[in-house]
Amino acid sequence: MKRIFFIVCFFGWMSAQAQLVEKVTDPVEWVNPLVGTDSKHSLSNGNTYPAIALPWGMNFWVPQTGKMGDGWIYTYSADKIRGFKQTHQPSPWMNDYGQFSIMPLTGKVRFKEDERASWFSHKSEIVKPYYYSVYLADHNITTEIAPTERAARFRFTFPQTDSAFVVVDAFDKGSYVKIIPAENKIIGYTTKNSGGVPDNFKNYFVLIFDKPFTYNATWHNTSLQNNLEAKENHAGAIIGFKTKRGERVNVRVASSFISPEQAELNLKEIGNDDFETVKNKGKAAWNKELSRVSAEGGTVDQMRTFYSCLYRSLLFPRKFYEIDANGKVMHYSPYNGEVRPGYMFTDTGFWDTFRALFPFLNLMYPSLNAQIQEGLANAYKEGGWLPEWASPGLRNVMIGSNSASIVADAYLKGVRGQDIKTLYEAVLKNTQNEGPLTAVGRAGVKYYNELGYVPYDVKINENAARTLEYAYADFAIYQLAKALNRPKKEINLFAKRSQNYRNLFDPETGLMRGKNQNGKFQAPFNPFKWGDAFTEGNSWHYTWSVFHDVQGLINLMGGKKQFVAKLDTVFALPPIYDESYYRAVIHEIREMQIANMGQYAHGNQPIQHMIYLYNYAGAPWKAQYWVRETMNRMYTPNPDGYIGDEDNGQTSAWYVFSAMGFYPVCPATDQYVMGAPLFKKISLHLENGKKIEINAPANNPENKYINNLTLNGKPYTKNWLSHAELIKGAVLNFDMTATPNTQRGTKTEDFPYSFSKATRK
C-alpha cells in the first residue's frame with residue numbers, strides 16, 4: 001500500500017510541475033512570504049522573515065519566534081511564537097528598530113517572553129503578504145493580522161474563559177506604556193534600536209480595543225505592577241477580559257516616529273473599516289503592484305518563485321514618512337532628529353541594491369523612485385552625507401559610494417522631480433572626502449584620487465574592492481555630469497577616474513589584485529582568499545566588477561577568447577576557498593561551497609552580473625545557459641528558496657529581470673544585457689501606459705537558447721536592449737531552441753556598451 005501511495009503522490013507531483021499556468025489573475029495568491037525563512041546565522045537560505053505589510057509600507061508585522069533582540073525574528077524551524085512584532089528590520093545582520101510586540105494568552109498572567117510563548121504549527125498557519133493567521137496551541141487562540149502602511153488590525157479569537165489577556169511588550173533599552181481603560185486604549189513608545197538613530201528617537205504606538213478591560217496591569221523588567229503607567233528600561237502592559245467561546249476581540253494598532261498624536265492620526269488609515277475590509281484592501285494593493293508584471297506559461301513552481309521574488313522586490317526601501325493633519329508629507333529625520341517636510345525612505349543598502357533593485361524601480365515604478373530621490377536629497381540636507389546603508393539613518397557597514405549609481409541611473413532613465421542639483425553636490429562631496437563613518441563618503445579617497453587606487457598596505461581594509469567600486473561610481477558621475485552639462489574639465493576628470501580599475505589588473509594571473517602604495521602587487525596572492533583586499537568575496541568574484549568597461553577588461557585579458565575562457569573557469573573551478581582573513585568560514589563562503597557551481601557565488605552580490613558578460617565577448621548562448629541554470633538551481637518557492645541573503649530585494653530582482661530575459665549589468669547606461677526569458681510570455685505594464693510584451697511560445701526546460709529574436713516585428717541581433725526604446729512600448733518575439741545558436745550576437749556591433757568602445761568613436 002505504501003508503495004502504491006508513494007507512486008501516486010510522485011506522479012501527482014510530476015503532473016503539477018508539468019502543468020503550465022496559462023494566466024495569473026490573482027498574483028498575490030502566488031506569493032509565499034515564507035520563502036527564505038529556513039535560515040540561521042551559519043547558513044542563509046535567504047535570511048528573510050514573512051513581512052506582513054503593504055508594498056513599501058512604513059511598518060511591517062511578523063510572528064516573532066526569536067527572542068527579543070535576536071535578528072532572526074522568525075525562523076521556519078522554530079515551533080514557538082513569543083509575540084506578534086511590529087518590525088522595521090531590513091535584515092538579521094542589521095537587526096531592528098521601532099519595535100514592539102503584542103501577544104494574546106489565556107490562563108494565568110504571564111508577560112516574560114518564554115513564559116507567554118506558545119507552540120504553533122505551520123499546518124495551522126496562513127501566510128500572505130496582506131494577511132496572517134495562526135493558531136496558538138497553548139492558549140487556544142487564533143491570531144489574525146491585516147496591515148495598512150502605518151497601522152494594522154488584529155483579530156483574536158478566544159475560547160470561553162474569564163482569564164483572557166493581551167500583553168503589549170515595548171521591549172528594553174528604554175520604553176513607556178500607559179493603559180487608558182476608559183478608552184479601551186494602550187499608548188506608549190519604544191526606543192530599542194540597533195544604531196543609526198538620533199538621541200531623541202522613539203516609535204510611538206497606540207492600540208484601541210473593541211472590548212472593555214476587566215484587568216489592567218503594567219510591568220517593568222521582571223516585576224508586575226498594579227499601575228496603569230510604566231516607564232523603565234523594559235516596560236509593558238497587560239489587559240484582560242472575559243470571553244465567550246469563539247469570541248473575536250479586535251484591536252486597531254498604529255505607530256509614528258513623529259509623535260503620539262501622529263500615531264493616532266495614522267490610525268485613520270483604518271478608519272471605520274472592519275477586519276475583512278482592511279484585509280481585502282491590502283490584497284487589492286498588492287495585486288495592483290504585482291499585476292504590473294504578468295507572467296504566463298510557466299510551471300506552478302516557477303510562478304510561485306517569480307511572484308514571491310516580485311513581492312520581495314516591492315518591500316524595500318520602506319516609506320519613512322507620514323501624513324500630517326493637513327495632508328502634508330512629513331518625516332522624522334533619522335539624521336538630525338527633527339521633524340521635517342517631505343519624503344524619506346530607508347532600510348536599503350546600496351552596495352546590494354544598486355545592481356538590479358533600483359534599476360527595476362526605474363523601469364517599473366519611476367514615480368516611486370522620484371519620491372525616493374527626493375528623500376535622498378533630504379537625507380543629505382539633514383545629515384550632510386548621502387547614506388550608503390540606511391537603517392534608518394547612517395550605518396557603518398559595507399563599502400563603496402554606490403549612491404552615485406542610484407542618483408545617476410534614476411536621472412538618466414528619465415526620473416524627474418528630484419532636487420538633482422543637491423544630489424549632484426552630494427555625489428561630488430563623496431568623491432573628495434572621507435565620511436564620519438568608513439561606509440560614508442570614500443575611505444581612502446586621498447590615495448584613490450592621487451594614486452588611482454586604494455593601496456593594500458595602508459590599513460584600509462577591502463581596498464581592491466573599494467577601488468573597483470569607486471571607479472564604477474566615477475563612471476556613473478561621468479554619465480550624470482554629461483547629462484547635466486557640467487564643465488568639460490569635470491566630465492573628463494571622472495572619465496579618467498572611471499579607468500582606475502586598470503591599476504589593479506594583474507597580467508600574470510589575469511585577475512584583480514591588491515596593490516601596495518609603492519606600486520607593487522601585494523604578495524603572496526591567493527585568488528581564493530575571501531575578504532582581505534575584497535569584500536565578502538575573492539578575486540574570482542571581484543575581477544568582473546568593471547560594469548562600465550567590459551571591453552576594457554577583455555583587452556586586458558588578451559581578447560575575447562581568453563575572456564570567455566576566464567568566465568568558463570569560474571564555473572569549472574572547484575569551490576575551494578581561503579577563509580583565513582575571517583578566521584572562520586562565514587556563511588557566504590559556505591553557501592558558495594554547497595551551491596555546486598564552482599567559484600560562482602550567486603549567494604552574494606559582487607558576482608551576480610557575471611553570467612551576462614558572455615554577451616560582451618560574442619558568446620551569448622553561454623549566458624543563456626547559465627542564467628537558466630541559476631534560476632533553476634538557486635531559486636525555489638520554498639522556505640529554503642534562496643542561496644545566500646536575499647538582501648532587500650536585490651537577489652529577488654535578479655530573478656525577476658532574468659525571468660524577463662534581460663538584466664541591467666551597468667546602471668547609469670541605457671542598456672539591459674540579454675539573457676533568455678523563462679516564461680512563454682511576460683507583459684510589463686509601464687507607468688506611462690505603454691506595454692512591453694515578451695513572447696517565447698516555444699519556451700520549455702530544454703529550449704533555453706535564443707535562436708532568433710524580433711523587436712517590433714523586425715529581426716534583432718544585438719545582445720542588449722535600450723531602455724529608451726522599451727519604454728515607448730515594445731513587442732519582443734523570441735524563437736527558443738534546445739541547441740545554442742553560435743552565430744547570433746557574435747559581431748562586435750551587437751555587443752553591449754563599454755566605455756572603451758564608446759570613447760573610440
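For the numbers below, each heavy atom of this structure counts, side chains included, while hydrogens, waters and symmetry mates do not. Worth saying up front: this structure is predicted, and the values here are computed from it rather than measured.
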Answer whether the closest heavy-atom distance between the side chains of [X] and [Y] falls below 4.5 Å.
X	Y	result
E374	N378	yes
N719	Q671	no
E388	M398	no

So, using salt bridge (Lys or Arg N to Asp or Glu O under 4.0 Å) as the criterion, who are the partners of [X] when residues are at least two apart?
X	result
K561	none
D409	K413
K566	none

When you measure from the centre of the six-membered ring of Y470, is the NZ or CZ of R442 under 6.0 Å away and within 45° of the axis?
-> yes
Would you say the ring centers of [X] and [Y] fall short of 6.0 Å from each other?
X	Y	result
F360	F657	yes
F547	F354	yes
Y478	F755	yes

Only residue of F563, F505, Y612 satisfying ring-ring contact (aromatic ring centres under 6.0 Å, His included) with W544 is F563
Pick from D347, L315, L361: which one makes a side chain to side chain contact (heavy atoms under 4.5 Å, CB included) with W56?
-> L361
Whether Y625 and Y705 hold their rings parallel, tilted or perpendicular, with breakpoints at 30° and 60° =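 The rings of Y625 and Y705 lie parallel, inter-plane angle below 30°.
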